[in-house]
Amino acid sequence: MDVEDIEIELFIRAMQRRHGYDFNDYAPASLKRRVQQLVRTHDAGTISELNRRLLHEDGFVTRVIEGLSVPVSEMFRDPPVFRTLRDKVLPVLASYPEINIWQAGCAHGQEVYSLAILLEEAGLYDRARIYATDFNDAALHVAAEGIYATRDARDWSRNYIEGGGQKSFSDYYSARYDFIKLDQRLRRNVTFFNHNLVTDDVFCEAHLILCRNVLIYFNNTLQDHTLALFRKSLVRGGFLCLGTRENIDFSPAAASFADIDAGLRIYQASATNPRPLTR
Amino acid sequence: MSARTAIALGCSAGGLAALQRLLPALDHRLSVPIVLCCHTGSADVSLLVELLARVSSLPVVEAAERAPADPGVIHVAPSGYHLLVEPNAHFSLSVDARVTYARPSIDVLFETAADAWQDGLVAVLMTGANSDGAHGLKAVRQAGGYAIVQDPDSAESDVMPRAGLEIAGADARLPLDQIAQRLNELCIP
Ligand SMILES: C[S@@+](CC[C@H](N)C(=O)[O-])C[C@H]1O[C@@H](n2cnc3c(N)ncnc32)[C@H](O)[C@@H]1O
């Protein structure tokens, strides 16, 4: 067996036994690349050296999580998704007195603010609560601040318009030098907190769950587990929105979701009794 | 030597034209999985898939997350995502940072394909105006795979094949018109 593969096994074991993070069911190829990346950023030389620091050095695990989580995101990513949420999903959500939204794997928060804007423009935001979760505390901190590089704002403005935005994207932020800061009023109904999709359980009854570009890092077992978790959290008829490239065809949990727009990966928890979804 | 078991192709600027000449010359009996990373710059890879399907006798599809790398099928990396081959020869995707300014990156595809298929892999690096793929090609050779680099003089843009030769070397440096035939020889027992 390849030495590096053995070292990765030990890495996974150290993360689990010493720190309670379970990476066993991540897709191995991409996990391996990220661990190799960690070796470079920390100038560790080998994965074994990472493992040593992971076991002995206080606080090092935080930096490892930051390195493994790569919170890449953008606002209104895949604009047709936001257009469809606006046109087909929000009108249904409007019938609920309170709207709970779970944004899982929120990374640096770009999607949270995109959602808040969407809800605001639909006149629903004051009835809504967005639970924005990730297992990377540093990412959550950035998300809560809502400060991003100005150079991204032009792309995001185009996305916003393509996604059916009704105003000007610049109405939602103030620009300063190289940075934009999102209007903090958009955060008024957002709760940011740490939640690990592998180890933590359901915490709310959600009407809409967004989890995009997270499942792609998981293997089949963990994707199934996560989809089952989402099904458990969703109210009957609640909506699930995955990334456009996520493929749930292989998952048994897919049976308990009906397509709203299969191409855009927007689903609705079937109103009929779902079959029991245990791992 | 036994036949190779998978093919990975990488190209960038000039890639569409090169592929339109290469794919028709692939033997329709090829029964190994073929994976392709071609930088298109567009947000949607379906047009590329369609154009390639028109000239190819083998089916061309967009590589789907979690799907197996099917034999005799050309799988194209979606735009905006890295395409990775997992150890069980299924695909996964990632939106991790760009590698050498590219996502999808040929390096990522080649490195993971080398891990998955080891010495069964044949990798081909073709025309392109950047250096993506060179390190991936090196990984392919280190794993015992066979590396083909398009002869830079026959490439619309020679930067990528030159970088490949410089960083990884090659088992074969071939003009575009001879690449398909070599693949047929290597992969059809
Ligand atoms: C690529 S980002 C996706 C950001 C955003 N949803 C988007 O699509 O633009 C993936 C995020 O998933 C988070 N993540 C990965 N594994 C997780 C887990 N087990 N529990 C919670 N979050 C996780 C990472 O920390 C990272 O922020």
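Numbered from 1 within each chain, the chains take letters A, B, ... in sequence-line order.
Interface residue B:D115: only side-chain heavy atoms are found under 4.5 Å from chain A. For chain A, no part of B:R98 is nearby; none of its heavy atoms comes within less than 4.5 Å. Within the 4.5 angstrom heavy-atom criterion, no atom of A:R212 approaches chain B.
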A:R33/B:D96 under salt bridge (charged side-chain N to carboxylate O under 4.0 Å, His left out): CA gap, chis, key distance, verdict: CA-CA 10 Å; A:R33 287 193 64 83; B:D96 285 9; over 6 Å; no
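Considering only heavy-atom pairs separated by less than 4.5 Å from chain B, the leading option among A:L215, A:N219, A:V70 is A:V70. Counting heavy-atom pairs closer than 4.5 Å to chain B, the top residue among A:D249, A:N220, A:D78 is A:N220.
Identified by a heavy-atom distance below 4.5 Å to chain A, the contributing residues of residues 60-94 of chain B are B:E62, B:A64, B:E65, B:R66, B:A67, B:P68, B:P78, B:Y81, B:L84, B:V85, B:E86, B:P87, B:S92, B:L93, B:S94, in residue-number order.
At most 12 heavy atoms of other shown residues, nucleotides or ligands fall within 6.0 angstrom of atom CD in B:E166. For A:Q36, the CD atom counts as densely surrounded, since its 6.0 Å shell holds more than 12 non-hydrogen atoms of other residues, nucleotides or ligands.
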